[in-house]
Amino acid sequence: MEDRTIILTGIVDEAWTSPGSVLDLFLESFRLGQGTEMLLNHLLVVTIGNKAYQQCHSLHPHCLELTPIGSINNLLLDVLKLGYSFLFTVVDVMWFRTLVFEINPLHEITIPCNLLSRGSESERNRPGRGLFYVKSTERAVELFKYWKFLRTLYDTFHVESLCENLREHQEYTKMIGVEIDYLNASYFGGFCSGESKDMNMVFTMQANCCKGVENKVYDLRLVLDGWRNFTAQPSNFRSGVGMVPSWRAPTKCIA
């Protein structure tokens, strides 16, 4: 983008890039969302394996095949070093409203996150929402270098768990002066949480707490169908008093 921001996905393999699978639905959500279709021009999908890369290219012009010895953590650090900021998203997140205008350019990290105390979150209320923004600054580079060091020693940092890692290492982030903007997580849905059900408010919906690609695809289709039906209604119906249009999913991901 004009401010040198790109959108990067987590690593997707052959199962997620095959026709009709998760990547198909991910891209479709951008086309259906409000103000999101233009973001596809700035989206880079990260794949592993040549077949996944080829399948990705049949769906989207901007794909990257990660080498077998590469990692998404190292890739994100390299992106920051090159002077590019990024919006990271896992591919099972459906985008329905753009995050671009929610980002505070004065902060290094913008993330929808509920920083609960250790041990207080349950399996159905995980704090992560599958996406976050990082601005390319020297402080952000130092933070990701630190996490790379920790991962080398202890395997303790994974980008999908950035919210938890920010909580675990608050002292270090404060020491190096990293500015963090925590977005209201209730606007960013997930199958794990009981919140973020109102289609009038939600920005994204993630198929977390879900085992098996087939189950994930089934429920994500329900999410997209629900969004289509919602946006096809007149605006006065969508915002009717006492009406809270909500999702039918999950059905197979969580019993």
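It should be emphasised that the depicted structure is a prediction, and the values quoted were computed from it without experimental measurement.
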Open item on the list: One pair to check against ring pair (Phe, Tyr, Trp, His ring centres under 6.0 Å): Tyr172 and Tyr146. What are the steps and the verdict?
Closed with: CA-CA 9 Å; Tyr172 184 80; Tyr146 173 68; 3.8 Å; yes
Task: Heavy-atom donor-acceptor pair, His62 side chain to Leu40 backbone, under 3.5 Å - done: no
Open item on the list: Tell me every residue that passes side chain to side chain contact (heavy atoms under 4.5 Å, CB included) with Leu87, counting only those two or more places apart in sequence or in another chain.
Closed with: Ile7, Trp95, Leu99, Ile103, Tyr133
Task: Val93 versus Gly130, closest heavy-atom pair with distance - done: CG2-O, 3.8 Å
Task: CD on Glu142 to NZ on Lys145, rounded to 0.5 Å - done: 5.0 Å
Open item on the list: Within the structure provided, determine whether Phe191 and Gln206 are in side-chain contact (heavy-atom separation under 4.5 Å).
Closed with: no
Open item on the list: Please check: side-chain N/O of Thr36 versus main-chain N/O of Phe30, any donor-acceptor pairing under 3.5 Å?
Closed with: yes
Open item on the list: Keeping Asn229 on the side-chain end and Asp225 on the backbone end, is there a donor-acceptor pair under 3.5 Å?
Closed with: yes
Open item on the list: Looking at Gln54, I want to see if its CD is surrounded by more than 12 non-hydrogen atoms of other residues, nucleotides or ligands under 6.0 Å.
Closed with: yes
- [ ] Could you go through the side-chain contact (heavy atoms from CB on, under 4.5 Å) check for Val91 and Ile11 one step at a time?
- [x] CA-CA 8 Å; Val91 183; Ile11 301 173; over 6 Å; no
Open item on the list: Taking the ring of Phe96 and the ring of Trp247, is the distance between their centroids below 6.0 Å?
Closed with: yes
Task: Minimum side-chain heavy-atom gap Asn73-Trp147 below 4.5 Å - done: no
Open item on the list: For a quick check under 3.5 Å, do Thr47 and Glu65 share a side-chain donor-acceptor pair by atom type?
Closed with: no
Open item on the list: Under a 3.5 Å distance rule, please check whether Lys135 uses its side chain to pair with a backbone N or O of Ala140 as donor and acceptor.
Closed with: no
- [ ] Check the pair Leu59 / Asp24 against side-chain contact (heavy atoms from CB on, under 4.5 Å), numbers first and verdict last.
- [x] CA-CA 7 Å; Leu59 300 171; Asp24 254 338; 3.2 Å; yes
Task: Within-4.5 Å side-chain heavy-atom neighbours: Thr110 and Phe132 - done: no
Open item on the list: Quick check for you: to the nearest 0.5 Å, what is the distance between Trp16 atom CH2 and Thr9 atom OG1?
Closed with: 10.0 Å
Open item on the list: Using a 3.5 Å distance criterion without hydrogens, assess whether the side chain of Asp219 forms a donor-acceptor pair with backbone atoms of Lys252.
Closed with: yes
Open item on the list: Among Thr137, Leu77, Ile176, which residue satisfies the side-chain contact (heavy atoms from CB on, under 4.5 Å) criterion with Leu143?
Closed with: Ile176
Open item on the list: Tell me the closest heavy-atom pair linking Ser21 and Ala15, and the distance in Å.
Closed with: OG-O, 2.7 Å
Open item on the list: Could you see if Leu39 belongs to whatever hydrophobic cluster contains Leu8? Use Ile, Leu, Val, Met, Phe, Trp, Tyr and a side-chain cutoff under 4.5 Å.
Closed with: yes
Task: Beyond-backbone contact of Arg167 with Gln170, side-chain heavy atoms, under 4.5 angstrom - done: yes
Open item on the list: Working note: Cys210 + Cys253, criterion disulfide (SG to SG under 2.5 Å); need CA distance, chi angles, decisive distance, verdict.
Closed with: CA-CA 4 Å; Cys210 190; Cys253 286; 2.1 Å; yes
Open item on the list: Looking at Glu14, is its backbone amide N or carbonyl O close enough to the side chain of Gln55 to form a donor-acceptor pair, meaning the two atoms are under 3.5 Å apart?
Closed with: yes
TODO: Heavy atoms only: give me the nearest Ala52-Asp13 pair and the separation to one decimal.
DONE: CB-C, 3.6 Å
Task: Spacing of CD belonging to Gln34 relative to OG1 belonging to Thr231, to within rounding of 0.5 Å - done: 7.5 Å
TODO: Give the cluster check for Val134 versus Met175: same hydrophobic cluster or not, with ILVMFWY residues linked at side-chain heavy-atom distances below 4.5 Å.
DONE: yes
- [ ] Could you go through the side-chain contact (heavy atoms from CB on, under 4.5 Å) check for Phe144 and Asn74 one step at a time?
- [x] CA-CA 9 Å; Phe144 273 74; Asn74 291 341; over 6 Å; no
Task: Single-linkage hydrophobic cluster Tyr53~Val90, side-chain heavy atoms < 4.5 angstrom - done: no
Task: Inter- and intrachain pairs under disulfide bond (SG atoms under 2.5 Å apart), touching residues 27-58, at least two apart - done: Cys56-Cys63
Open item on the list: Show the nearest heavy-atom pair for residues Ile111 and Leu131, with the distance to one decimal.
Closed with: CG1-O, 3.9 Å
- [ ] May I have the step-by-step check of side-chain contact (heavy atoms from CB on, under 4.5 Å) for Met94 and Thr204, ending in yes or no?
- [x] CA-CA 5 Å; Met94 302 292 101; Thr204 61; over 6 Å; no
- [ ] Report yes if the side chains of Val217 and Leu220 come closer than 4.5 Å at any heavy-atom pair, otherwise no.
- [x] no
- [ ] Kindly work out whether a path of hydrophobic side-chain contacts (I/L/V/M/F/W/Y, heavy atoms less than 4.5 Å apart) joins Ile109 to Leu106.
- [x] no
Task: Polar side-chain atom of Arg97 near backbone of Val202 as donor-acceptor pair, under 3.5 Å - done: yes
Task: Whether over 12 other heavy atoms sit under 6.0 Å from Met1 CE - done: yes
Task: CD1-OG1 distance between Ile180 and Thr173, expressed to the nearest 0.5 angstrom - done: 4.5 Å
Task: Flag, side chain of Ser136 to backbone of Leu80, donor-acceptor distance under 3.5 Å - done: yes
TODO: Determine, stepwise, if the pair Arg31 / Glu37 fulfils salt bridge (charged side-chain N to carboxylate O under 4.0 Å, His left out).
DONE: CA-CA 5 Å; Arg31 292 189 285 268; Glu37 186 169 14; 5.8 Å; no
- [ ] Report yes if the side chains of His42 and Thr5 come closer than 4.5 Å at any heavy-atom pair, otherwise no.
- [x] no
Task: Ser18 OG to Leu23 CG distance, which is reported to the nearest 0.5 Å - done: 9.0 Å
Open item on the list: Is there a continuous path of hydrophobic side-chain contacts, each under 4.5 Å between heavy atoms, that joins Leu32 to Tyr218?
Closed with: no
- [ ] Would you give the length of the straight line joining atom OG of Ser71 to atom CG of Leu76, rounded to the nearest 0.5 angstrom?
- [x] 8.5 Å
Open item on the list: Looking at His107, is its backbone amide N or carbonyl O close enough to the side chain of Asp181 to form a donor-acceptor pair, meaning the two atoms are under 3.5 Å apart?
Closed with: no
Task: Whether over 12 other heavy atoms sit under 6.0 Å from Lys51 NZ - done: no
Open item on the list: Is there a side-chain contact between Ile72 and Phe88 in this structure, where contact means two heavy atoms from C-beta onward sitting under 4.5 Å apart?
Closed with: yes
Task: Any Met205 side-chain heavy atom under 4.5 Å of Trp227 side chain - done: no
TODO: Evaluate whether the separation between SG of Cys113 and SG of Cys163 stays below 2.5 angstrom.
DONE: yes
Task: Backbone N/O of Leu222 and side chain of Arg248: donor-acceptor pair under 3.5 Å - done: no
Open item on the list: So which atom in Val22 and which in Lys216 form the shortest heavy-atom distance, rounded to 0.1 Å?
Closed with: CG2-CD, 4.1 Å
